[in-house]
Amino acid sequence: SWNLVTIVPNSVFTVSAVGCGNGTIFPRIAANMFTDLATNSNAQTQGTSVTYDATVPSVVSVTPSATIANTSSITYQVVFSETVTGVVPADFSSSNGTVAAVTGSGTTYTVTVNAMTEGTTALTVLAGSIADSVGNMGPAANVASVSTTIDLTAPRLLSFLPNPEYTSGQVSYVFTFSEPVQSFAWGSALNTGVGGGMTCTSSNLTANQNSTVWTLNLSCSSGFYMATPIVNAFRDLAGNQGPATTGTPTYVYKSTANT
């Protein structure tokens, strides 16, 4: 509906649209609605359109650059439901570290968080902190990202043992780590040697459910096998390399029968 207010009698009027929903208003004066003192009628007139927006901006997504990382700084991509303006670090909070910078425009922004320590972290878009182009403030409630684990500690090789030391079957070694590690190429993770005429034809490397214990099985002829873990040959899930020191040479002795 429209409200008509006289500003200057018979000359200037203000017309207000009330009860509108979101969308575009196209004001129009139909022809022959007014006459001047000489009885001349008006022509049809199209006014300037106005967009009415009463919807607060919402958060579509808050996505970290990683869910596990070995760095004290990560970024988040934050996507809003519409174009927003004036986005600054104070519009966010971090459970670990400091919100250092915000870049971007329109609907998509990149938020950088620095000075994080080991543990978990998440970024929160604060309720009522973000303005759209007409000043509506959102989101309606805090919106948090998924958690990221910050891991700055290298994996340790707790033990590297033959399984067993004397065998008539497979030559086996068991690696036990302080935390889950990524799959590795055992041939480049160990210094190895054979003696007593031993030759090996195939291998198999497997992990337990949480990737902290790995078992290497080798099909070999009789003799002995020597293996030594190499410094920084293994990576944890965050990419930290370990162990920091070379392991001890470890031997498996194989005979053609149980002895």
Side-chain angles (χ1 to χ4, degrees), residues 63-76 96-97 113 115-122 145-259:
T63 307
S65 54
T67 54
I68 181 168
N70 64 347
T71 175
S72 60
S73 177
I74 64 171
T75 61
Y76 296 82
N96 180 357
V113 178
M116 292 180 294
T117 58
E118 281 204 329
T120 59
T121 185
S145 70
V146 297
S147 292
T148 292
T149 298
I150 304 300
D151 177 5
L152 305 176
T153 302
R156 292 178 293 113
L157 183 59
L158 300 180
S159 63
F160 175 67
L161 299 173
N163 184 38
E165 183 178 2
Y166 296 93
T167 181
S168 60
Q170 287 185 318
V171 172
S172 296
Y173 288 95
V174 177
F175 306 76
T176 302
F177 295 94
S178 58
E179 59 177 309
V181 298
Q182 302 176 33
S183 183
F184 54 92
W186 71 267
S188 58
L190 298 173
N191 283 324
T192 61
V194 294
M198 176 179 280
T199 59
C200 299
T201 57
S202 63
S203 64
N204 181 42
L205 180 68
T206 59
N208 67 346
Q209 187 172 8
N210 65 359
S211 298
T212 58
V213 179
W214 294 73
T215 301
L216 172 63
N217 293 315
L218 302 169
S219 295
C220 303
S221 63
S222 60
F224 69 86
Y225 195 95
M226 183 276 295
T228 307
I230 297 173
V231 172
N232 291 332
F234 309 96
R235 293 179 182 271
D236 64 17
L237 302 185
N240 299 300
Q241 290 181 270
T245 58
T246 300
T248 301
T250 303
Y251 293 83
V252 172
Y253 301 91
K254 180 178 178 180
S255 61
T256 55
N258 289 323
T259 57

### Task
Quick one: pull up OH in Tyr225 and OG1 in Thr199 and give me the separation to the nearest 0.5 Å.
11.5 Å
### Query
Do Ile150 and Ser72 have side chains that get closer than 4.5 Å, going by heavy atoms?
no
### Query
Roughly how far apart are Thr250 OG1 and Met226 CE, rounded to 0.5 Å?
9.5 Å
### Task
Please name the pair of heavy atoms, one in Ser172 and one in Val252, separated by the smallest distance, quoted to 0.1 Å.
O-CG2, 3.8 Å
### Query
Rounded to the nearest 0.5 Å, what separation is found between the OH atom of Tyr253 and the CD atom of Glu165?
6.0 Å
### Task
Can you measure from OG1 (Thr176) to CH2 (Trp214) and round to the nearest 0.5 angstrom?
12.5 Å
### Query
How close do Leu152 and Glu118 get, heavy atom to heavy atom, and via which atoms?
N-OE2, 2.5 Å
#### Entry: Any donor-acceptor pair under 3.5 Å from Ser73 side chain to Val113 backbone
yes
### Message
Could you tell me if the side chain of Pro162 sits less than 4.5 Å from the side chain of Tyr251, heavy atoms only?
### Response
no
### Query
Under the 3.5 angstrom rule, does the side chain of Thr121 hit a backbone N or O of Thr148 as a donor-acceptor pair?
no
### Query
Please walk me through it: do Asn191 and Thr246 pass side-chain contact (heavy atoms from CB on, under 4.5 Å)?
CA-CA 10 Å; Asn191 283 324; Thr246 300; 5.6 Å; no
#### Entry: Trp186 side chain reached by Tyr173 side chain, heavy atoms, under 4.5 Å
no
### Query
Has the side chain of Lys254 got a donor or acceptor atom that lies under 3.5 Å from a matching backbone atom of Gly169?
yes
### Task
Take Thr120 and Asn96, measure what side-chain contact (heavy atoms from CB on, under 4.5 Å) needs, and give me the verdict at the end.
CA-CA 7 Å; Thr120 59; Asn96 180 357; over 6 Å; no
### Query
Is any side-chain heavy atom of Pro155 closer than 4.5 Å to a side-chain heavy atom of Asn240?
yes
## Note on the structure
In short, Met198 meets Val171 closest at the heavy-atom pair CE-CG2, 4.1 Å
### Query
Under 4.5 Å between any side-chain heavy atoms of Leu190 and Leu216, yes or no?
yes
### Message
Quick check for you: to the nearest 0.5 Å, what is the distance between Phe160 atom CZ and Phe177 atom CZ?
### Response
9.0 Å
### Query
For Asp236 and Glu179, which heavy atoms make the closest approach, and how far apart are they?
OD2-OE2, 3.2 Å
### Summary
Of all heavy-atom pairs linking Ala122 and Val146, the shortest is CB-O, 4.1 Å
### Task
Could you walk me through whether Thr212 and Asn210 pass side-chain hydrogen bond (donor to acceptor under 3.5 Å, both in side chains), step by step?
CA-CA 6 Å; Thr212 58; Asn210 65 359; 2.8 Å; yes
#### Entry: Gap separating the CG atom of Asn217 from the SG atom of Cys200, nearest 0.5 angstrom
11.5 Å
### Message
To check you understand the geometry: which heavy-atom pair defines the closest contact between Asn70 and Gly239, and what is its length?
### Response
ND2-C, 3.6 Å
